[in-house]
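Every heavy atom of this structure was used, including side-chain atoms; hydrogens, water molecules and symmetry mates were not.
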Amino acid sequence: QLQPVESGGGLVQPGGSLRLSCSAAGLGSYVVAWFRQASGKEREGVSCISGRSRMTNYADSVRGRFTIARDKDTVYLQMNSLEPEDTAVYYCAAAGGWYATDWARGDLYDYWGQGAQVTVSS
């Protein structure tokens with residue numbers, strides 16, 4: 001049973017940076033995505049990365065500011081130029097297949113982490 005664990009969340013000022021990590025034994029074999037859910041809002045897909053070919057996708061709201069990368073059994077989300085609107089609980093999720101157009105559908109992912117709070121505030 002894959003058990004992803006997120007780390008790296010916290011409080012940062014607008015314009016600042018944070019790096020989230022998602023780790024699990026065996027994660028290197030899976031497609032991994034980051035989702036976020038702000039208070040009172042629906043969950044949204046942020047970014048995803050494929051297992052081998054390093055294909056990536058980004059939500060329009062974060063493209064150019066966030067970068068997803070992976071190294072063995074850890075996936076990272078580097079978040080730069082953070083805005084108050086980025087405040088949310090961030091979750092990593094893993095799936096066995098690559099979904100080029102449906103990557104932001106949460107129901108396609110089988111394994112989820114517990115979430116990490118990211119707060120952007122002055």
Side-chain angles (χ1 to χ4, degrees):
Q1 182 83 2
L2 198 69
Q3 295 181 316
V5 177
E6 301 97 339
S7 61
L11 173 65
V12 64
Q13 292 186 343
S17 298
L18 278 177
R19 188 178 76 162
L20 299 178
S21 300
C22 174
S23 298
L27 191 65
S29 300
Y30 290 81
V31 171
V32 176
W34 287 96
F35 290 81
R36 67 185 181 185
Q37 187 165 21
S39 180
K41 295 187 178 181
E42 293 187 356
R43 182 179 60 197
E44 65 170 334
V46 175
S47 182
C48 71
I49 187 167
S50 64
R52 295 181 179 180
S53 61
R54 304 298 192 263
M55 294 183 290
T56 59
N57 276 320
Y58 294 92
D60 289 342
S61 58
V62 306
R63 187 175 290 112
R65 300 188 297 122
F66 290 11
T67 302
I68 193 169
R70 69 188 310 160
D71 180 20
K72 298 179 182 178
D73 287 339
T74 299
V75 172
Y76 304 96
L77 185 68
Q78 178 66 44
M79 305 183 293
N80 298 330
S81 302
L82 283 162
E83 304 167 353
E85 293 72 24
D86 296 316
T87 296
V89 178
Y90 284 71
Y91 300 89
C92 69
W98 174 254
Y99 305 100
T101 56
D102 293 333
W103 66 270
R105 279 180 49 187
D107 63 311
L108 297 178
Y109 294 82
D110 302 307
Y111 305 99
W112 290 79
Q114 80 289 351
Q117 177 69 47
V118 171
T119 303
V120 184
S121 175
S122 56

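In this structure, Tyr76 is not a member of the same hydrophobic cluster as Met79, with clusters built from ILVMFWY side-chain heavy atoms closer than 4.5 Å.
In terms of heavy atoms, Ala94 sits closest to Leu27 at CB-CD1, 4.0 Å. Of all the heavy atoms in Ser121 and Pro14, the pair that sits closest is C-CD, 3.6 Å. Contact between Arg70 and Val31 at its shortest, heavy atoms only, is NH1-CA, 4.4 Å.
At a threshold of 4.5 Å between non-hydrogen side-chain atoms, the residues Ser7 and Leu20 do not count as touching. Taking the side chain as every heavy atom from C-beta outward, Gln114 and Val5 approach each other to under 4.5 Å. Under the 4.5 Å side-chain criterion, counting only non-hydrogen atoms from C-beta, Arg36 is not in contact with Tyr91. You'll find the side chain of Val120 stays beyond 4.5 Å of the side chain of Gln13, heavy atoms only. At least one side-chain heavy atom of Leu2 sits under 4.5 Å from a side-chain heavy atom of Tyr30. Between Cys48 and Tyr109, the closest side-chain pair of non-hydrogen atoms falls below 4.5 Å. Contact check for Tyr90 versus Val46: side-chain heavy atoms found under the 4.5 Å cut-off. Counting only heavy atoms from C-beta outward, the side chains of Val118 and Asp86 never approach each other to under 4.5 Å.
Between atom CD1 of residue Ile49 and atom SG of residue Cys92 there is a gap of 13.0 Å, rounded to the nearest 0.5 Å. Summarising the geometry, atom CG belonging to Leu108 is positioned 12.0 Å from atom CH2 belonging to Trp103; distances are rounded to the nearest 0.5 Å. Residue Gln117 holds its CD atom at 7.5 Å from OG1 of Thr87, rounded to the nearest 0.5 Å. Separation of atoms CD (Gln1) and CG (Asp110) is listed at 9.5 Å; rounding is to 0.5 Å. Between Glu44 atom CD and Glu42 atom CD the span is 10.0 Å, to the nearest 0.5 Å.
A donor and an acceptor atom, one from each side chain of Ser81 and Glu83, are nowhere located under 3.5 Å apart. Side-chain contact of Ser23 with Thr74: a donor-acceptor pair under 3.5 Å is present, judged by distance alone.
At least one donor-acceptor pair closer than 3.5 Å links the side chain of Ser47 to the backbone N or O of Asn57. Although no hydrogens or angles enter the test, the distance criterion places no donor-acceptor pair under 3.5 Å between the side chain of Asn80 and the main chain of Ser17. Arg43 contributes no side-chain N or O that, together with a main-chain N or O of Arg105, makes up a donor-acceptor pair within less than 3.5 Å. In this structure a side-chain-to-backbone donor-acceptor pair under 3.5 Å is missing from Glu6 to Cys22.
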- Show your reasoning for whether side-chain contact (heavy atoms from CB on, under 4.5 Å) applies to Val75 and Trp34. CA-CA 9 Å; Val75 172; Trp34 287 96; 3.7 Å; yes

- Is there a side-chain contact (heavy atoms from CB on, under 4.5 Å) between Thr56 and Ser50 once you walk through the steps? CA-CA 7 Å; Thr56 59; Ser50 64; over 6 Å; no

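Using cut-offs of 30° and 60° for the angle between ring planes, the Phe35 and Trp112 rings count as tilted.
With a 6.0 Å radius and a threshold of 12 heavy atoms from other residues, nucleotides or ligands, Gln3 has its CD atom at or below the threshold.
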